[in-house]
Visitor: 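Please read through the structure below; I'll follow up with questions.
Per chain, numbering begins at 1; letters A, B, ... match sequence-line order.
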Protein chains: 2
Amino acid sequence: MKLSQGVEWMLHGVGLIAQAPDGVWVSRRVLAEHYRLPEAYLAKHLKSLVRAGVLVATPGPSGGFRLARPAAEITALDVVEAIEGSASPFACQEIRTRVPGAPAAYRRPCAISSMMDRAHQAWRSELRQVTVLDIVQMAPGPIRERTAARLAALAK
Amino acid sequence: MKLSQGVEWMLHGVGLIAQAPDGVWVSRRVLAEHYRLPEAYLAKHLKSLVRAGVLVATPGPSGGFRLARPAAEITALDVVEAIEGSASPFACQEIRTRVPGAPAAYRRPCAISSMMDRAHQAWRSELRQVTVLDIVQMAPGPIRERTAARLAALAK
DNA sequence: GTATCCCTACTCGGATAATTCTTGTCCGAGTAGAGGAGG
DNA sequence: CCTCCTCTACTCGGACAAGAATTATCCGAGTAGGGATAC
């Protein structure tokens, strides 16, 4: 079980985009240089976030990305599932039906599958309780100020 | 994020082994035929469970596997982590330190990493609350009886 | 009939390929802004 | 001086390779049980 490293990139990245002043679009070039990440691969994950409705993109010079909704209304789960998908990591293949003498279709859902689903929901619940705004506010003040100054310089 | 299908195989498989009478060792051949699974690949996962101390193996004719502890003392988490490892699916690479002007080592842990860890712990907590005994007892009675009869036949 | 020995067959364990998914990269379509020319 | 046009440069989006992890397989080391043999 392994999460794509794009999850970390985008959780940080969305936090950065959230700090951009109104009217400023953060391009993937700026994002890549800010975190020293491969720009080409970053594009793939940003595209996923646009598809999921978390970010909005605009082309052309001074184009880039901004949040589709207020930072307080975007949860970490939205970001994670935009990249990883919302499917449970456990894919039940109903191997219990392959036991000789077992019915082809059980009445009750598989207990193991139910347990794994509960665990998955618990995991999602934790991520749903944290918003992008929370992530931004948890960064140390000095760092946040420096970032704000750098983003403001883009609006010139 | 995807779990190995071996997780499903082994959660069911350990449940089957748990139903074996004392002195009966369930071989991987029996297990593979019971669930119609590829025997060779099954071996890999069974080996992981032995390494993790969940199962005990013995070679030779009428050899096989049995539980290393009472079924009530083995949790689903033990089985899952025996196969998938206990590491968090989120591997924080501290990209926050790559931001220009950021300190090389922060005092506080990364907020995003902490959040992902909390989610992982919530996931583990759910799986820790279910024991192998629970899994066995959740199976329908008729199925359980038929399985018990099949396992008893191995002791002849 | 009983004990001993040998041999067969079955078990698990580790080392070795094939396949799928993640990772990584590139180039093309489209657009906004700047600069120059004309009025 | 203002307006319009053109052109450039920058943006995102989709299609295309490389690497890693999972999936799948095989064969060898070792052991317990059964059968034959000797007593």
Visitor: Listed in order of residue number, which residues of residues 47-71 of chain A have a non-hydrogen atom at under 4.0 Å from DNA chain C?
Guide: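 Residues of residues 47-71 of chain A that come under 4.0 Å of DNA chain C are, in numerical order, Pro59(A), Gly60(A), Pro61(A), Ser62(A).
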Visitor: Can you tell me how far apart NZ (Lys2(B)) and OG (Ser4(B)) are? Round to the nearest 0.5 Å.
Guide: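 Rounded to the nearest 0.5 Å, the NZ-OG separation comes to 8.0 Å.
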Visitor: What do you reckon, is CZ of Arg36(A) surrounded by more than 12 foreign heavy atoms closer than 6.0 Å?
Guide: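 Counting other residues, nucleotides and ligands, CZ of Arg36(A) stays at 12 neighbours or fewer.
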Visitor: Donor-acceptor pair, distance only, cut-off 3.5 Å: does the side chain of Arg128(B) make one with the backbone of Leu77(B)?
Guide: no
Visitor: From NE2 of His45(B) over to P of dG14(C), roughly how many Å is that when rounded to an integer?
Guide: 15 Å
Visitor: Rounded to whole Å, please give me the gap between CG in Leu46(B) and P in dG13(C).
Guide: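 Checked: the CG to P distance equals 8 Å.
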Visitor: Do the side chain of Glu84(A) and the main chain of Met1(B) share a donor and acceptor less than 3.5 angstrom apart?
Guide: yes
Visitor: Within this structure, what is the CG-to-C1' distance between Leu3(B) and dA21(D), rounded to whole angstrom?
Guide: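 Atom CG in Leu3(B) sits about 14 Å away from atom C1' in dA21(D).
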Visitor: Could you check how far NZ of Lys2(A) sits from P of dT20(C), rounded to whole Å?
Guide: 18 Å
Visitor: List the steps and the verdict of side-chain contact (heavy atoms from CB on, under 4.5 Å) for Leu31(A) and Trp9(A).
Guide: CA-CA 10 Å; Leu31(A) 203 58; Trp9(A) 296 3; over 6 Å; no
Visitor: Salt bridge or not between Arg96(A) and Glu94(A)? Use side-chain N to carboxylate O under 4.0 Å.
Guide: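 Between Glu94(A) and Arg96(A) there is a salt bridge, with a charged N closer than 4.0 Å to a carboxylate O.
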Visitor: Output the rounded distance in Å from NZ (Lys44(A)) to C1' (dT25(C)).
Guide: 9 Å
Visitor: Mind running a 4.0 Å heavy-atom check of residues 23-43 of chain B against DNA chain C and sending the residues that fall below it, in number order?
Guide: Ser27(B), Arg28(B), Arg29(B)
Visitor: Measure the distance from CE on Met1(A) to P on dT22(C) and round it to the nearest whole Å.
Guide: 14 Å
Visitor: Between the main-chain N or O of Ile143(B) and the side-chain N or O of Thr147(B), is there a donor-acceptor pair closer than 3.5 Å?
Guide: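 Yes, the answer is positive, given that a donor and an acceptor are paired below the 3.5 Å cut-off.
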Visitor: Step by step, work out the side chain to side chain donor-acceptor pair (under 3.5 Å) result for Gln121(A) and Arg118(A).
Guide: CA-CA 5 Å; Gln121(A) 293 305 329; Arg118(A) 277 199 306 276; over 6 Å; no
Visitor: Give the rounded distance in Å between these two atoms: CD of Glu8(B) and C1' of dT22(D).
Guide: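 To the nearest whole Å, that distance equals 16 Å.
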